[in-house]
Each structure stands twice: as structure tokens, then as C-alpha cells.
Amino acid sequence: MDGARKPQTPPVLILLGPPGAGKGTQARMLEDQFGLVQLSTGDLLRAAVAFGSKAGKAAKTVMEAGDLVSDDIVIAILRDRLAAPDCAKGVILDGFPRTTAQAEALDQMLGETGQQINAAILLEVDDVKMVVRIAGRFTCGACGEGYHDEFKQPKTAGICDNCGAEQMTRRADDNAKTVMSRLDAYHEQTAPLITYYDDKGVLRRVDAMKDIATIQNALATLTENIMA
Ligand code: AP5
């Protein structure tokens, strides 16, 4: 087994890795390159918080503390989004699953539509360096494009390369204290999924300490091989 399955149904890729590993950055690039749909539970939860829905109100304080939102809430949000027509093109899961219960729920959801996971790609990084990556992050509030003070600056300061908006924002949970809690949550609750997917024969590993373009090339090659 080479660690990935060829898709007979719309592809399902999972990006695994701690906060700051580059899941969002790379998922957006794979979306543009391969026409897959990025499903970020972090983005879906932040939208629910901004909207003020019941799920968003329950999630707000949990996210600000850097803890994981309850499985029930996250699974319900993901299930709804996965059922939307655009996901028939295939999806890249960014930030889901994060617990064994979520991974089992995903297996069940995909089983209902005859789909399966083609690859769970682990972005391998040095944790200590993730604090720097996260502390320097900012995002276009209009289109969601991600930037970094040092590693990925817009061509013109304050203006999004992608959509031209001047609405750069920083996340409420991107501070050193919360990042440490998020890293702890990753090691305690999400890292066991590495074995979960390895046992299923779909785990792939990518060195995510390299520069953004090098990682993008590695992921593009991997995705081409999976989809060929
Ligand atoms: P979420 O939004 O998923 O955050 P996260 O997993 O903590 O991941 P990040 O978005 O911080 O990092 P990333 O890996 O996407 O890195 P990025 O590409 O932005 O979750 C937030 C919260 O929501 C959670 O804490 C939890 O409360 C809740 N939640 C979400 N999903 C949940 C679930 N399934 N269950 C329960 N709760 C859930 O990159 C970071 C920065 O580094 C950027 O500035 C980027 O430009 C830069 N960068 C990227 N790659 C590189 C590189 N190779 N070199 C240098 N810089 C780089």
C-alpha cells in the first residue's frame, strides 16, 4: 500500500497538523489548482460566531481559550457543509477531524454516500516554530487569503493580492497563550489520528518546515498522483 487510494468517487483529502502547520495556506492553493473545495471547520466556526447562531455562541469562549469545540457541534456543522452541492467536486478537509469521535463520524458520513478518504496528509513541523508563524499571521477579511508579517507579505502593504480589498484582520485566538493551549489540544486529542489513518493505509507525510512554494509543489505532486 503506497499510503493513498485512487478515487472512484469525488476525492476526499484530509490535511492534518498542529496550529500554524500551513493547513489553511496549502488547502487554498490545492482548491485553486485542483478545483477541490476547502472545508475548514475553523472558518465555519468563526462564521457561526460572527453570525451569532446557537452553535456560534457555544463555540466562542471555547475557541478563545484554545480548546476544542464539542464534537456534536463540529460534526453537525461539517455534515451540513459536506452535503452542499459544490462538495460533489471533491473536498480538502482542513482542521477536521480533530478527535477520534470526529474521525469515526466522518467515516460514517462518507460511507453513506459511498465515498472514502483518499489520503490523510500530515504536515510535519517543529511545534516551537509554530508560535512565530501564528503570531505573524493576518488574513484578508474580504476573501480569506492568508498572509504573514515575514513569510508571506502582500505585494502592497495592507492590500490583498487576491481581491484588492483593504480589510486585513488578525484572529482573536492568535496570541502566545492561546497558541500553547491549541498545541496541547492538538497533541492530546488530534495526534492519535496519525495512527488512526496510518492503520487505514491512507497516511502521507510532508515536511512542512520548508518554504510555502516547496510544500505546495510536494502537495501538488501527491494530489496529482492520487487523482490520476
Ligand atoms: P483552526 O482555524 O482550524 O486553527 P488551527 O488548527 O489552530 O490552525 P491554524 O489556522 O492556526 O493554522 P494552519 O495550519 O491553517 O496555518 P496557516 O496556513 O494559517 O481552528 C481554530 C479553533 O477552532 C480551534 O482552536 C478550535 O477551538 C476550533 N475548531 C476548529 N476545528 C475544530 C474541530 N474539528 N473540532 C473542535 N474544534 C475545532 O499558516 C499560519 C501562518 O504561517 C500564516 O500566516 C501563513 O502565511 C504562514 N505559513 C504557512 N506555511 C508557512 C511556511 N511553510 N513557512 C512560513 N510561513 C508559513
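Both counts, for ligands and for their atoms, begin at 1 and track the order of listing.
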Does the N or O separation between [X] and ligand 1 drop below 3.5 Å for any pair?
X      : answer
Pro97  : no
Asp94  : no
Ser40  : no
Phe96  : no
Asp211 : no
Gly22  : yes
Val62  : no
Pro19  : no

For [X], which part has a heavy atom under 4.0 Å from ligand 1: side chain, backbone, both, or neither?
X      : value
Val69  : both
Arg182 : side chain
Pro18  : backbone
Gln26  : neither

Nearest protein heavy atom to [atom], by residue and atom, and its distance?
atom                    : answer
atom 15 (O) of ligand 1 : Gly24 N, 2.9 Å
atom 21 (C) of ligand 1 : Arg171 NH2, 3.5 Å
atom 29 (N) of ligand 1 : Leu45 CD1, 3.4 Å

Whether [X] lies under 4.0 Å from ligand 1, heavy atom:
X      : value
Glu150 : no
Ala21  : yes
Arg46  : yes
Asp43  : no

Atoms in ligand 1 with a heavy atom of [X] nearer than 4.0 Å:
X      : answer
Tyr147 : 43 (C), 44 (O), 46 (O)
Ile215 : 53 (N)
Gln102 : 33 (C), 34 (N), 35 (N), 36 (C)
Gly42  : 1 (P), 2 (O), 3 (O), 20 (O), 30 (C), 31 (N)
Thr25  : 17 (P), 18 (O), 39 (O), 45 (C), 49 (C)
Asp173 : 21 (C)

Looking at Lys23, Arg98, Met63, the heavy atom closest to atom 1 (P) of ligand 1 belongs to Arg98

Looking only at non-hydrogen atoms, which of Asp67, Asp207, Ile212 approaches atom 50 (N) of ligand 1 most closely? Ile212

Which atom pair, heavy atoms only, marks the closest approach of Lys89 to Leu36?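 So the minimum-distance heavy-atom pair works out to O-CD2, 3.6 Å.
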
Got a second to check how far Leu44's CG is from Ile77's CD1, nearest 0.5 Å?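 Nearest 0.5 Å value for the CG-CD1 distance: 6.5 Å.
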
